Amino acid sequence: MLFRPTSILYRSSNSWISRQSRDPYVKKRVLDSNFYRSRSAFKLVEINDKWNILTPNLRAIVDLGAAPGGWSQVVSRTLEWDDEQGTDGVPRTSSGEEADDPLAMWEAIKNLDSPTDPAGFGLREGTRPAPGVIVAVDKLPMKPIPGVLTLQADFLQPATARTIKRMLTAPFNRDGKADLILSDIGANQSGNRIRDVEQSLEICHAVLKFARKHLRSDFELRQDTWDRQGVLLLKHFAHPDIDEFRKEHLEPNFRGVYYLKPGSSRSESSEGYFLCRGWRGDSGFGLL
Ligand SMILES: C[S@@+](CC[C@H](N)C(=O)[O-])C[C@H]1O[C@@H](n2cnc3c(N)ncnc32)[C@H](O)[C@@H]1O
């Protein structure tokens, strides 16, 4: 009987190792003094270099499917949440105690009226206003990152949406909406390709539904700087209906929708990103 699972495993792990060792972004991740937790972080760095989505005026950002935390690290560093501001990566209550439960910490500080320490991480009396709050959501646990409130939960659960809303709500962000929603979620590889492809589109619909509830709209912003706020960055995979999804669900609801394939995204992967700017909101002409 020919049954050699070990050699198959060995071969495939060999090719994985060989691919990893040739991948410049894997090397960069290990050698880079910034040390990102994921190779994926470079995709966001690249996208931001070109499209400038991480601007200092952001008050609230949600990172969906955030573990192990590469994108959240990029957001945190770009918005300059760093140790120099007096944080050590561990969220603290306003009295300086370590807060294990980010929501409890958030509840404790959200009545503060000062926008200079929005997430209540015990920032030193600073010379400049503190950056916005970052909420990172994943089914998996994540190690702390300065300025990031992590929530271990399934974003598809209604209770998670309610929790996120509470985490985003504060005197400096009364409506509890986000200026920027990032989603790097992909379908779990089940081994059934048809099912995986189908699931990838279902995730796009679910993220858009989430954005509909949580993204700050042009109308709410009442300003014309649409290129800086009300932004959704959505990962997707090749699917027969993905163009239709873009035309029928994204384009009517955003002022601009762009397809991106960062250089750091593996060319053999069918993944791509939709950068959707200027969420029109439900008050007007958008369709979902
Ligand atoms: C490609 S990884 C994200 C990598 C991340 N952007 C980084 O740079 O570290 C996708 C993540 O989505 C998470 N995920 C998938 N479905 C989810 C769901 N329904 N709710 C929350 N997280 C989910 C997975 O657990 C996984 O950690």
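Note that ligands are numbered from 1 as they come in the structure, with each ligand's atoms numbered from 1 the same way. Remember, predicted model here, so these are calculated numbers, not experimental data. Computed over heavy atoms, backbone and side chain alike; hydrogens, waters and symmetry mates excluded.
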Could you state whether [X] and [Y] fall into the same hydrophobic cluster, counting links through intermediate Ile, Leu, Val, Met, Phe, Trp or Tyr residues with side-chain heavy atoms under 4.5 angstrom apart?
X      : Y      : value
Leu156 : Leu215 : yes
Leu182 : Tyr258 : yes
Val231 : Trp51  : yes

For [atom], the protein heavy atom that lies nearest, with its residue and separation:
atom                    : answer
atom 1 (C) of ligand 1  : Asp184 O, 3.5 Å
atom 20 (N) of ligand 1 : Phe155 N, 3.1 Å
atom 12 (O) of ligand 1 : Gly65 CA, 3.3 Å
atom 25 (O) of ligand 1 : Asp138 OD1, 2.7 Å

Is [X] close to ligand 1, meaning an N/O of one under 3.5 Å from an N/O of the other?
X      : value
Gly70  : yes
Gly186 : no
Ala67  : yes
Ser38  : yes
Leu140 : no

- Begin with the C-alpha distance, continue with both residues' side-chain angles, and end with the deciding distance and a verdict on side chain to side chain contact (heavy atoms under 4.5 Å, CB included) for Phe155 and Val207. CA-CA 9 Å; Phe155 90 100; Val207 173; 3.8 Å; yes

- Would you say Ala153 contacts ligand 1, with heavy atoms under 4.0 Å as the rule? yes

- Item | Shortest non-hydrogen contact between Lys177 and Ala60, atoms and distance | O-CB, 3.5 Å

- Note on the structure: Looking only at heavy atoms, the pair that brings Ser269 and Lys261 closest together is O-NZ, 2.8 Å

- Residues, nucleotides or ligands: over 12 heavy atoms within 6.0 Å of Ile194 CD1: no

- Task: Select the closest option to atom 22 (N) of ligand 1 among Gln152, Arg37, Lys139, judged by heavy-atom distance.
- Result: Lys139

- Which option, Asp154, Asp63, Val137, owns the non-hydrogen atom nearest atom 19 (N) of ligand 1? Asp154

- Message: I'd like to check which ligand 1 atoms, numbered from 1 as shown, lie under 4.0 Å from a non-hydrogen atom of Ser40.
- Response: 8 (O)

- Query: Which ligand 1 atoms, with their elements, are less than 4.0 angstrom from a heavy-atom of Ile185?
  - Reply: 12 (O), 15 (C), 16 (N)

- Message: Does His239 form a side chain to side chain contact (heavy atoms under 4.5 Å, CB included) with Phe245? I'd like the steps, not just the answer.
- Response: CA-CA 10 Å; His239 186 285; Phe245 171 74; over 6 Å; no

- Query: When His214 is tested against each of Ile181, Leu232, Val62 for side-chain contact (heavy atoms from CB on, under 4.5 Å), which residue passes?
  - Reply: Ile181

- How long is the span from the CG atom in Leu54 to the CG atom in Asp179, to the nearest 0.5 Å? 11.5 Å

- Message: At under 4.0 Å between heavy atoms, is it the side chain or the backbone of Ala66 that contacts ligand 1, or both, or neither?
- Response: backbone

